[in-house]
Amino acid sequence: MASGGFPTTYKYRPLESDRHIRLLQILTNSDDDKSQMELPNEDAQLEFEAISYTWGKPDRDLIGLTENLSQALPHLCHHSSTKLLWIDQLCINQIDLAEKSKQILLMSQIYKSARRVLIWLGPADENSRLCKQFLDAAAKMIQGMPNSDRMTPGMRSTFISPGTDPIYAPAIRNFWSRPWFSRGWVVQELLRAQTPSFLAGDVEMNMQDLADLQTIPPAHQPGEAEQTWYSYNILMNLKLHAFTDEQPLRFLRVMYQVSQEFLTLELADQLYAFLGMLEGSSFTPDYSVSTKANFTRFAASLADDFGSLDFLSLWSANLDELLPNTPQELKGFPSWVPSWSATPLSAPFRFATGGVRSLRGEITWNAADGRQHVHLETQNGDAATTGRLVVKGKIIGFIETLSSARFHLYEDPPNEYLDGLVTQLKQDLPGLEEWTTKDMIAFLNVVASNVLGLKPKPLFNEVANLSRYNEALATCLSTGRGRRFIRMRDGRLGLGPYIGTKARGEEKNGSPVVVIHGCSVPIVLDVVSEERNEYTVVGDAYVEGIMHGEAVLWAEEDANTFVLV
């Protein structure tokens with residue numbers, strides 16, 4: 001799906017209702033008109049097939065077909081069992097912005113309701129032929145193996161065998177370089193598909209086949225394509241391991257993981273392409289208004305629909321303004337509105353969302369002690385139109401001092417690097433004069449364990465032995481990425497955003513750290529106007545002794561009001 005409208009001389013018949021979709025009907029002997037179909041309100045499969053593909057170059061004809069779709073249509077028609085196809089490029093009037101906004105909202109259900117999802121990967125080539133040859137050989141080999149019927153996806157790889165032909169691994173890795181595997185819209189299209197079928201020309205594969213292909217060694221050789229290694233694995237892992245998290249945390253985690261690996265043709269589609277993963281949202285895209293207005297409306301809907309402000313952990317506005325490659329459309333957002341762009345989302349570990357490695361774990365932190373956000377309006381209107389989000393909570397302290405130490409090495413850092421970090425921390429923060437490298441790593445280990453949804457494990461005497469644990473040295477050090485060690489006025493130690501956090505003296509009282517109802521981690525704010533209770537979001541923080549709601553000692557009605565701008 002792309003956002004831009006394209007001219008066409010084809011005259012679309014209006015849809016019968018907001019729940020109807022158009023279908024491309026392949027000519028058969030039947031005279032029945034099935035060019036439109038109404039989606040059910042409940043989960044049910046209907047007799048049509050949805051198409052997932054890459055739009056490609058805009059080489060268009062009478063009804064606006066791109067070159068890639070023109071190439072795909074004969075194969076799609078041949079493989080279709082229902083003879084009814086839903087193809088976004090054709091079945092949505094792309095120049096009718098109101099219709100397109102409504103249809104995009106239905107896309108998740110369209111792919112879920114389809115009898116099958118046909119995924120066009122492009123024409124067949126030598127790589128796809130070798131992939132199929134490998135899969136056929138693997139299937140033949142395991143037929144005589146005991147318990148072969150119990151093998152789960154990913155268990156049938158033969159690459160551990162020294163007799164495996166070396167031509168297969170490069171072919172499979174090059175197969176993954178096809179654009180479909182890094183296209184933003186495919187995430188919800190594949191995850192919602194009940195029965196996906198992958199087509200490379202007339203070479204057809206299923207999910208089991210792709211799971212088997214996923215098991216090849218990751219090492220690339222010179223001349224091989226490698227740009228979609230991560231996106232392909234993310235996509236497969238999302239499909240094969242269902243989420244159990246409550247919304248909207250699942251959505252935030254998906255956005256964290258896919259933002260930097262999956263691409264869309266249009267900037268606004270960086271958000272819209274994933275809306276189908278968020279059940280229970282009242283948000284409707286509106287292509288007639290600005291990107292800023294849509295992104296602000298969406299953030300406000302998260303707060304209103306779910307009583308959750310965990311998206312504040314995805315602070316990005318202050319980073320977006322500083323990055324030279326930030327598109328102009330993503331600048332000037334209110335500080336509380338995520339841009340969902342790659343670099344800000346991937347900057348440090350996000351404490352509320354837990355980072356990419358905790359997608360299937362549980363975050364135990366709940367600084368607000370389970371209190372939900374109650375959506376309020378300002379005197380001038382709601383947050384979606386004013387850009388001013390009214391929240392409740394309490395300032396639990398001010399930042400007294402902070403360290404200038406920067407974490408930029410993670411894997412196999414030299415001892416002098418680690419010693420240098422500790423020396424800087426000891427100089428900057430009172431009370432750390434006796435700290436050792438192990439003390440620093442132990443502190444980061446506790447934070448990383450909670451971020452990853454794990455229980456902290458005791459450390460060995462030697463820091464190097466951390467590599468034997470899930471909370472490896474690299475993970476611990478990555479927890480400090482984009483953050484400063486902070487010391488609160490009451491002596492508590494923590495981690496705050498590197499950019500924008502102020503110590504006492506830089507700001508009268510130092511940056512306030514606030515526990516906000518609806519947010520599972522404390523947030524560092526910057527004062528705009530104490531008289532008007534206006535603040536900007538600096539970012540999320542870790543502060544020892546308050547992460548599990550210990551600081552929430554006030555009655556809900558006694559909470560203070562903060563206006564985030």
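Remember, predicted model here, so these are calculated numbers, not experimental data.
- Tested against Glu400 for a salt bridge (Lys or Arg N to Asp or Glu O under 4.0 Å), the candidates Arg487, Lys502, Arg489 yield a single pass: Arg489.
- Taking all atoms of both residues into account, the shortest heavy-atom contact from Ala299 to Trp336 is CB-CZ3, 3.6 Å.
- Pairing each heavy atom of Phe485 with each of Leu429, the nearest pair is CB-CD1, 3.6 Å.
- Without hydrogens or angle criteria, Gln188 side chain to Gly276 main chain gives a donor-acceptor distance under 3.5 Å.
- The existence of a salt bridge linking Glu189 and Lys112 is excluded, since no basic side-chain nitrogen approaches an acidic carboxylate oxygen closer than 4.0 Å.
- Side chain of Thr385 to backbone of Asp382: a donor-acceptor contact under 3.5 angstrom is found.
- Of all heavy-atom pairs spanning Phe274 and Phe262, the tightest one is CZ-CB, 4.5 Å.
- Taking both residues in full, the closest heavy atoms of Leu267 and Pro327 are given as CD2-CB, 3.9 Å, listed atom of the first, atom of the second, then distance.
- Listed for the Trp554 side chain is no donor-acceptor partner under 3.5 Å among the backbone atoms of Gly393.
- No cation-pi contact links Arg192 to Tyr111, judged by a cut-off of 6.0 Å to the six-membered ring centre and 45° from its axis.
- With salt bridges taken as basic N to acidic carboxylate O contacts below 4.0 Å, one links Arg492 and Asp490.
- Comment: Arg388 engages Glu534 in a salt bridge, judged by a side-chain N to carboxylate O separation of less than 4.0 angstrom.
- For the pair Lys292 and Phe333, the cation-pi test (distance below 6.0 Å, angle within 45°) is failed.
- Side chain of Ser313 to main chain of Asp540: no donor-acceptor pair is present (N/O by atom type, distance under 3.5 Å, no hydrogens or angles).
- Remark: side-chain polar atoms of Glu556 are not paired, donor with acceptor, to backbone N or O of Lys392 under 3.5 angstrom.
- Annotation: cation-pi geometry not satisfied between Arg483 and Phe407 (NZ/CZ under 6.0 angstrom from ring centroid, within 45° of ring axis).
- Residue Ala367 comes nearest to Val515 through the heavy atom pair O-CG1, 3.4 Å, listed as atom of the first residue, atom of the second, then distance.
- Distance alone, capped at 3.5 Å, is enough to place a donor-acceptor pair between the Asp439 side chain and the Thr436 backbone.
- A side-chain contact (heavy atoms from CB on, under 4.5 Å) with Tyr417 holds for exactly one of Leu421, Asn415, Asp419; it is Leu421.
- Summarising the geometry of His373 relative to Ser308, their closest heavy-atom pair is CB-N, 4.4 Å, with the distance given to 0.1 Å.
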